[in-house]
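Before any comments, here is the structure.
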2 protein chains.
Amino acid sequence: MTVTAPAGFEAAGIAAGIKRSGALDLALVVNRGPSAAAAAVFTSNRAKANPILWSQQVILDGVVSAVVLNSGGANCFTGPEGFQVTHRTAEAAASALGIAAGDVLVCSTGLIGDQLDGEVLEEGVLSAAARLSADGGDDAARAIMTTDTTPKTVVIDGDGWRVGGIAKGAGMLAPGLATMLVVLTTDADLPSGELDSALREATRVTFDRLDSDGCMSTNDQVTLLASGASGVVPDAVEFRAAVTAACRSLAEQLQADAEGASHDIAIEVRGAVTEDDAVEVGRSVARNNLFKAAIFGNDPNWGRVLAAIGTTQARFDPYLVDVSMNGVRVCHAGRPDAPRESVDLTPRATHVLVELHAGEASATILTNDLTHDYVHENSAYAS
Amino acid sequence: MTVTAPAGFEAAGIAAGIKRSGALDLALVVNRGPSAAAAAVFTSNRAKANPILWSQQVILDGVVSAVVLNSGGANCFTGPEGFQVTHRTAEAAASALGIAAGDVLVCSTGLIGDQLDGEVLEEGVLSAAARLSADGGDDAARAIMTTDTTPKTVVIDGDGWRVGGIAKGAGMLAPGLATMLVVLTTDADLPSGELDSALREATRVTFDRLDSDGCMSTNDQVTLLASGASGVVPDAVEFRAAVTAACRSLAEQLQADAEGASHDIAIEVRGAVTEDDAVEVGRSVARNNLFKAAIFGNDPNWGRVLAAIGTTQARFDPYLVDVSMNGVRVCHAGRPDAPRESVDLTPRATHVLVELHAGEASATILTNDLTHDYVHENSAYAS
């Protein structure tokens, strides 16, 4: 049910002919109201795709009635023609739905630098609009997949209201404010300002702490649409918790399907002076290719963890640090502790605990290992 | 001849028994004078190995008579015992050579977190001291190899003086002020202050612009020893040029032997507002795993170049940027230009030109591609 689980939403996912394979490649999510409140966060990459440039304008008034998403092309670095294709896509949705183009978000994903065919997009949007249904969420989730092997969906139940969501993303997965394409819906009745603060709080501790391969996309967009169809104004704390839980679930699903990965690694940093320090330390480990390759080889190479955190500006003494892997403390106070042989890194789920002994703050960064399959997928597949 | 090409130097490289394989693993380079002026730069990683902690003290007075280098163990995160091993190594050299331990630099390379055997080191140093010779530079170059497949050496001739050098390094190759282990010698007669400024200027534009895998070592050290044995005080500009040429040659040799690499990539950034901006842009591309995997696959994926530079703070407009690969401009003003098919990426030497059109500054970063062999070597080999 995904984005159509909350009341007030319809969706469709179709094969518009953007992908040569004939797979589903265009999704439409429509908010039937009564409210059209919305919030969105975008990639912090300065190289932004045309749909990002468009959608950043659309969200300014906090009103969104529909989201068009396509796979099969990122529409990034495609010049003014590319922006016209995005505009035409929004106009097609507006015309089909009887709404304003300025209330239509557009999201695209796929190869950077390839021009999309505006006519194919326009016909696809009209076709999708004709197939909108309150059961269409699952098709929409499938239509936004690129190298994803499985659709990512979530439904969280509140007290008389719901949050539903879909996500795509398998590579170029180091979101800065958002990850790849995510649409969240809710039938809760909340103004756009409250949606915005809930969404920003949620993405800060979920998608922003997912760093699969250190590569930030040009097309990241996370949108939250509220129909108000439940008639319920939820408790602010409960609503934020639900949005955060939805984002966390989708982030973990993205991690689990990361291109070529054989380990899902949670790098937990404790004892930092500030949360920002903890995030910086965790991210430096997550981006260290030697550490990531060692985990692929089931090698608890804690020296590479310390070499990585030594490159940060975070406040701690490298010679007081403890490092544990899957529950075994292999480094204590900057010296060898338990023997490497006592660590079992064969499970896919991997836990690395870095204790800085400098303060009380903590954070966890999610990443993946560096594998032959990652290299294969990203050398053989142009994306 | 390497470090023994300039007059006044002796060296040896022996198998001390640190490596289980029985390969050469200990080098000794001795400056017989008349001068003992020296300079050194060290890793900027905050996680510094014991030999770095020792050598940073030794270099303070600008006087160095000998350098001991071992492979087979980094002596990093090995606690006070590890520091004692470094101290014992220096004392052994001092005793054998009749010099002060405070004039002996120590360099180590190999696995982080493994304790070295002080007795093996001491005996190795005594044995090396007994075999010192003015022809020993080549053995010294071989004795510092770890995963290197070939020794790295250089000799630059000046006007009546010379610069010679050896280097090791094949992974964890993103120097911050220095790379892995490098010893440069010269028979020019210069005080340590001039050696220091020449060395810093040289490393800034050579080793500091080599970024093979984004991983900064805990043990990087570059040393320049001057014997004054030629009796010549060289022109300062000529001497700096020679030291820079020696460092550039060694940096290129390191790049060419980087673990598992199949392409040597020069990322040239032109039209930046400042040189720092150019370096930041080049390094962001050099560290982008998706770009590196694409080059491995001979795929001129310029979208990944733009996505990488969009994450920097450098001053430029992403939509004015041109990108060329091996002479073919594939992106012009943020839009597709020549077809991807017209780029030949099969040669090992790869040139990526990024023209920012924002200013007059430029810089070139050297890197390598991300390959199956890189993943294999760094998952199967604990280093």
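Keep in mind the model is a prediction, meaning the values are calculated, not measured. Every chain is numbered from 1, with letters handed out A, B, ... down the list of sequences.
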Show the nearest heavy-atom pair for residues [X] and [Y], with the distance to one decimal.
{"X": "B:Asn45", "Y": "A:Ala307", "answer": "ND2-O, 2.8 Å"}
{"X": "A:Pro336", "Y": "B:Gly113", "answer": "CG-O, 3.0 Å"}
{"X": "A:Ala293", "Y": "B:Ser379", "answer": "O-CB, 3.0 Å"}
{"X": "B:Leu370", "Y": "A:Val375", "answer": "O-CG1, 3.5 Å"}

Practice item. Tell me, out of A:Asp369, A:Asp317, A:Thr312, A:Asp114, who's got the most heavy-atom pairs with chain B below 4.5 Å. Key: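 Heavy-atom pair counts peak at A:Thr312.
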Check your understanding: Looking at A:Cys331, A:Gly79, A:Ala308, A:Gly82, which makes the most heavy-atom pairs under 4.5 Å with chain B?
Key ->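 Of the candidates given, the most pairs with chain B belong to A:Gly79.
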Check your understanding: Can a cation-pi geometry be assigned to A:Arg46 and B:Phe316, taking NZ or CZ under 6.0 Å from the six-membered ring centre and within 45° of the ring axis?
Key ->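 Relative to the ring axis of B:Phe316, which defines the angle, A:Arg46 lies inside both limits.
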Nearest 0.5 angstrom please: [X] [atom1] to [Y] [atom2], how far?
{"X": "B:Leu290", "Y": "A:Glu259", "atom1": "CG", "atom2": "CD", "result": "7.0 Å"}
{"X": "A:Tyr319", "Y": "B:Lys48", "atom1": "OH", "atom2": "NZ", "result": "7.5 Å"}
{"X": "B:Ile295", "Y": "A:Asn378", "atom1": "CD1", "atom2": "CG", "result": "13.0 Å"}
{"X": "B:Cys215", "Y": "A:Lys292", "atom1": "SG", "atom2": "NZ", "result": "10.0 Å"}
{"X": "A:Arg304", "Y": "B:Thr218", "atom1": "CZ", "atom2": "OG1", "result": "11.5 Å"}

Point to revise | Engaged part of A:Ser284 at the chain B interface, taking heavy atoms whose separation is under 4.5 Å | key: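 When you check distances to chain B, no heavy atom of A:Ser284 falls under 4.5 Å.
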Point to revise | Side chain / backbone / both / neither for A:Ala74 at chain B, heavy atoms under 4.5 Å | key: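 A:Ala74 has no heavy atom closer than 4.5 Å to chain B.
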Check your understanding: Looking at residues at least two apart in the chain, or sitting in another chain, which of them share a ring-ring contact (aromatic ring centres under 6.0 Å, His included) with A:Trp302?
Key ->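 ring-ring contact (aromatic ring centres under 6.0 Å, His included) list for A:Trp302, sorted by chain: empty.
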**Study point:** chain A interface, residue from B:Gly297, B:Gly310, B:Ala333, B:Cys76 that has the most non-hydrogen pairs under 4.5 Å
**Key:**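 Counting heavy-atom pairs under 4.5 Å, the top option is B:Gly310.
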Exercise for review: Considering only heavy atoms and a distance below 4.5 Å, find which of B:Ile309, B:Thr311, B:Asn298, B:Val330 pairs most often with chain A.
Suggested key: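 Most heavy-atom pairs under 4.5 Å with chain A: B:Thr311.
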**Study point:** Within residues 76-87 of chain B or reaching into it, pairs that qualify as side-chain hydrogen bond (donor to acceptor under 3.5 Å, both in side chains) - sequence neighbours excluded
**Key:**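 Listed once each, the pairs are A:Arg335-B:Glu81, B:Asn50-B:Thr78, B:Asn75-B:Thr78, B:Asn75-B:Thr86, B:His87-B:Glu91.
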Review point. If you measure only the distance, is there a donor-acceptor pair under 3.5 Å linking the side chains of B:Asn289 and A:Asn289?
Key: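 On atom types as modelled, these side chains qualify, holding a pair under 3.5 Å.
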Review point. Can you tell if the side chain of A:Ile112 reaches within under 4.5 Å of the side chain of B:Asn301, non-hydrogen atoms only?
Key: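 Side-chain contact under 4.5 Å: no.
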